[in-house]
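Report on one structure; see the data block that follows.
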Amino acid sequence: MSIPLGKVITYGQLASLAGLPGAARLAGSVLCGLPENTELPWHRVINAQGKISLPADSAAYKKQIQRLKAEGVHIKNGKISLRIYGYNN
DNA sequence: GACATGACCGCAC
DNA sequence: AGTGCGGCCATGT
């Protein structure tokens, strides 16, 4: 488990924690290449805007929100509230 | 092996 | 507040 349950992290933070500061795109590229049956919490990864980067009309987008809500992360108008891992509680 | 693209981020105007 | 530009690594052709 890379990300604490009930919390989310931005691509930049994820890349930084991975030891690749500034390589936010890398996180996106990797997550994009993840299989559907992946057990990685990719749904807990959001962009710096505190929102999901995937297209709102995409199934993955809805699924991500659905899972986040199931994790206890309530989304407001498509924006995450608890956002950021290791930051403002 | 090289080029182009990608679920991005931060700063400057 | 919104728009534009440069930079990072991995993946696919």
Side-chain angles (χ1 to χ4, degrees):
Chain A
M1 200 66 93
S2 307
I3 306 168
L5 189 113
K7 283 189 177 172
V8 292
I9 179 175
T10 67
Y11 296 96
Q13 283 289 304
L14 180 62
S16 298
L17 296 175
L20 304 168
R25 276 189 112 169
L26 162 64
S29 297
V30 175
L31 293 179
C32 185
L34 289 174
E36 341 176 316
N37 54 343
T38 186
E39 47 184 277
L40 298 177
W42 60 270
H43 51 269
R44 287 182 204 159
V45 187
I46 59 175
N47 59 15
Q49 297 176 3
K51 307 192 309 192
I52 300 174
S53 309
L54 291 148
D57 55 304
S58 184
Y61 172 83
K62 301 170 188 174
K63 275 188 169 184
Q64 181 160 10
I65 295 176
Q66 184 83 43
R67 283 181 168 179
L68 286 173
K69 293 197 319 185
E71 296 296 315
V73 182
H74 78 118
I75 292 131
K76 181 75 169 185
N77 192 17
K79 295 141 204 136
I80 314 288
S81 304
L82 316 172
R83 63 168 174 181
I84 312 304
Y85 156 61
Y87 261 63
N88 134 43
N89 55 270

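This one's a predicted model, so the numbers in the text were calculated from it and none came from an experiment.
Minimum atom distance to the side chain of A:Ala24 is reached by B:dC9, of the listed C:dA10, B:dC9, B:dA7. When distances run from any side-chain atom of A:Leu20 to the nucleotides B:dC8, B:dC9, C:dC9, the shortest one goes to C:dC9. Nearest to the side chain of A:Ala23, among C:dA10, B:dG6, C:dC8, sits C:dC8. Side-chain proximity of A:Ser29 to B:dC9, B:dG6, B:dA7: nearest is B:dG6. Distance from the side chain of A:Cys32 is smallest for B:dA7 among the nucleotides B:dA7, C:dG7, B:dC9. Set against B:dC8, B:dG6, B:dA7, the side chain of A:Asn47 has B:dC8 as its closest nucleotide. Closest to the A:Leu26 side chain, of the nucleotides B:dC9, C:dC8, C:dA10, is C:dA10.
Spacing between atom CG of A:Leu34 and atom P of C:dC9 amounts to 19 Å, rounded to whole angstrom units. Rounded to an integer number of Å, the gap from A:Ile46 CD1 to B:dC8 P is 12 Å. Note: CG (A:Leu14) to C1' (C:dC9) measures 13 Å, nearest angstrom. Counting to the nearest Å, the P atom of B:dA7 and the CH2 atom of A:Trp42 are 13 Å from each other. Here C:dC8 presents its C1' atom at 16 Å from CD of A:Gln13, a figure rounded to the nearest Å. What separates CZ of A:Arg25 from C1' of B:dT5 is a distance of 7 Å, to the nearest Å. Atom CG of A:Leu54 and atom C1' of B:dG6 are 12 Å apart (whole Å). The CD1 atom of A:Ile80 sits 16 Å away from the C1' atom of B:dC8 (whole-angstrom rounding).
Closest approach of A:Pro41 and A:Ser2 over heavy atoms only: CG-N, 4.5 Å. Smallest separation of non-hydrogen atoms from A:Lys7 and A:Val73: N-CG2, 4.2 Å.
In this structure, the separation between NZ on A:Lys63 and CZ on A:Arg67 is 7.0 Å, given to the nearest 0.5 Å.
Residues A:Ile80 and A:Leu17 share a single hydrophobic cluster, defined by chaining ILVMFWY side chains whose heavy atoms lie under 4.5 Å apart. When the side chains of ILVMFWY residues are joined at heavy-atom separations under 4.5 Å, either directly or via intervening members, A:Leu34 and A:Ile3 end up in a single hydrophobic cluster.
A:Gly22 comes within 4.0 angstrom of a base, heavy atoms only.
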